[in-house]
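Please read the structure below before turning to the comments.
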Amino acid sequence: MSKNQEIEYFDLHTVHSNFDRSLVEEDDVDIKAYLDAYHELFKFFQLMGSVFSFVSSDLKQKIDVLQELLDNDQNNYQTIKTMIEHEKGNNLLEKKDFVSGARTFLRLHRGLDFISEFLKQMGELSDSEKTSTCCQNAYNKTLAKHHPWVIKKAAVVAMYTMPTRENLFKKVCGEHVEKNIEVLPKTLEVTSLVFSRTHRLYEMHELHTLP
């Protein structure tokens, strides 16, 4: 296996370290570190192929939008707090020709809920068990609440083709399956903290219902 191919595999250590780095003081979340973690999570979807197309294309678009906002305005888009305060204070949430960072981030936040729940349930399976049922359960518990019927139907059908836990880990992690499984509990723990902080910030500013 070439070095380039090696780099393409999914690495939970990268997810863990970046989400851990995103937990800045005062119950805030650093956007750059969050996006760095999400870039790695997106690699998971890419390696899974068309089975996760119902979420991967949308997530990539949202990551790119936020990355551009961050590149163009690092001060106001440094953390979730600064982003929300900037957009609310300048009435940008209602501006028709502006792509809101807060609205875009909310989509990633919902996606993280699904990813975390899926990885949590998958971690409880034996190697020989299929991942389709736990994926469907995770989806119905999280993202399905925000998707129209057509997408929900297509997503659930696609999940029937998912492999066993052992084969899924091999597909996305290559030769580093054990290394990723070892760090899974710690990754789920820090991801839960990131999710909770984000959720509270959106609750405080009453932004969970952004269209």
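We're numbering straight along the sequence, starting at 1.
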Using only atom types and a distance under 3.5 Å, with no angle test, would you say the side chain of [X] pairs donor to acceptor with the backbone of [Y]?
| X | Y | answer |
| --- | --- | --- |
| Lys130 | Met162 | yes |
| Tyr38 | Leu59 | no |
| Thr131 | Arg165 | no |

What verdict does the side chain to side chain contact (heavy atoms under 4.5 Å, CB included) test give for His109 and Leu106, after you've listed the backbone C-alpha separation in whole Å, the side-chain angles of each residue and the deciding distance to 0.1 Å? CA-CA 5 Å; His109 175 64; Leu106 182 59; 4.2 Å; yes
The complete set of salt bridge (Lys or Arg N to Asp or Glu O under 4.0 Å) pairs with one or both residues in residues 68-81, sequence neighbours excluded, reads none
So, for [X] and [Y], which heavy atoms are closest and what is the spacing to 0.1 Å?
| X | Y | result |
| --- | --- | --- |
| Met159 | Ser132 | O-CB, 2.9 Å |
| Leu70 | Leu35 | CD2-CD1, 4.4 Å |
| Leu47 | Val172 | CD1-O, 3.3 Å |

Take Asp127 and Phe169 through the side chain to side chain contact (heavy atoms under 4.5 Å, CB included) test and state the conclusion after the steps. CA-CA 9 Å; Asp127 277 347; Phe169 269 122; 5.6 Å; no
Answer yes when Lys43 and Glu40 have at least one side-chain N-carboxylate O distance shorter than 4.0 Å, and no when they do not. yes
Please answer: with hydrophobic residues joined when any side-chain heavy atoms are less than 4.5 Å apart, are Tyr160 and Phe118 in the same cluster? yes
With sequence neighbours excluded, tell me which residues meet salt bridge (charged side-chain N to carboxylate O under 4.0 Å, His left out) with Lys152. none
Test item: [X] and [Y] side chains (from C-beta on) under 4.5 Å apart, heavy atoms:
| X | Y | answer |
| --- | --- | --- |
| Arg110 | Leu143 | yes |
| Phe105 | Leu69 | no |
| Asp58 | Lys62 | yes |
| His176 | His13 | no |
| Leu41 | Leu112 | yes |

Rounded to the nearest 0.5 Å, how far apart are [atom1] of [X] and [atom2] of [Y]?
| X | Y | atom1 | atom2 | answer |
| --- | --- | --- | --- | --- |
| Gln74 | Thr82 | CD | OG1 | 11.0 Å |
| Cys173 | Phe10 | SG | CZ | 6.5 Å |
| Arg200 | Ile80 | CZ | CD1 | 11.0 Å |

What residues, two or more places apart in sequence or in another chain, satisfy side chain to side chain donor-acceptor pair (under 3.5 Å) together with [X]?
| X | answer |
| --- | --- |
| Thr164 | Asn167 |
| Thr198 | none |
| His86 | Asn76, Asn90 |
| Ser116 | none |

Around atom NZ of Lys88, are there more than 12 heavy atoms of other residues, nucleotides or ligands at under 6.0 Å? yes
More than 12 heavy atoms from other groups under 6.0 Å of CD on Glu124: yes
Which side-chain N or O atoms in residues 185-196 pair as donor and acceptor under 3.5 Å with protein atoms at least two apart or in another chain?
unit_1: Thr187; atom_1: OG1; unit_2: Val183; atom_2: O; d: 2.8
unit_1: Thr191; atom_1: OG1; unit_2: Thr187; atom_2: O; d: 2.7
unit_1: Ser196; atom_1: OG; unit_2: Ser192; atom_2: O; d: 2.9

Any chance you could pull the hydrophobic cluster mates of Val24, using side-chain heavy atoms under 4.5 angstrom and chaining through other members? none
Parallel, tilted or perpendicular: ring planes of Phe114 versus Phe45, cut at 30 and 60 degrees: parallel
Applying side-chain hydrogen bond (donor to acceptor under 3.5 Å, both in side chains) as the test, list every pair that has at least one member in residues 14-34; sequence neighbours left out. Asp11-Thr14, Asn18-Arg21, Arg21-Asp36, Asp28-Thr79, Lys32-Asp36
Please list, chain by chain and in numerical order, all residues satisfying side-chain contact (heavy atoms from CB on, under 4.5 Å) with Lys141, sequence neighbours excluded. Glu117
Just distance, no hydrogens or angles: give the donor-acceptor pairs under 3.5 Å from side chains in residues 93-101, sequence neighbours left out.
unit_1: Ser100; atom_1: OG; unit_2: Glu87; atom_2: OE1; d: 2.8
unit_1: Ser100; atom_1: OG; unit_2: Ala102; atom_2: N; d: 3.2
unit_1: Ser100; atom_1: OG; unit_2: Arg103; atom_2: N; d: 3.0

Sort out for me which residue in Ile115, Leu168, Leu12 forms a side chain to side chain contact (heavy atoms under 4.5 Å, CB included) with Phe44. Leu168
For Leu108 and Ile63, run side chain to side chain contact (heavy atoms under 4.5 Å, CB included): C-alpha distance rounded to whole Å, both residues' side-chain angles, the deciding distance at 0.1 Å, then the answer. CA-CA 8 Å; Leu108 291 188; Ile63 292 168; 4.0 Å; yes
Just do the side chain to side chain contact (heavy atoms under 4.5 Å, CB included) check on Leu66 and Met83 with the steps written out, would you? CA-CA 10 Å; Leu66 284 162; Met83 173 179 67; 4.2 Å; yes
For residues 138-157, pull every pair meeting ring-ring contact (aromatic ring centres under 6.0 Å, His included), keeping only residues two or more places apart or in separate chains. Phe54-Tyr139, Tyr139-His147
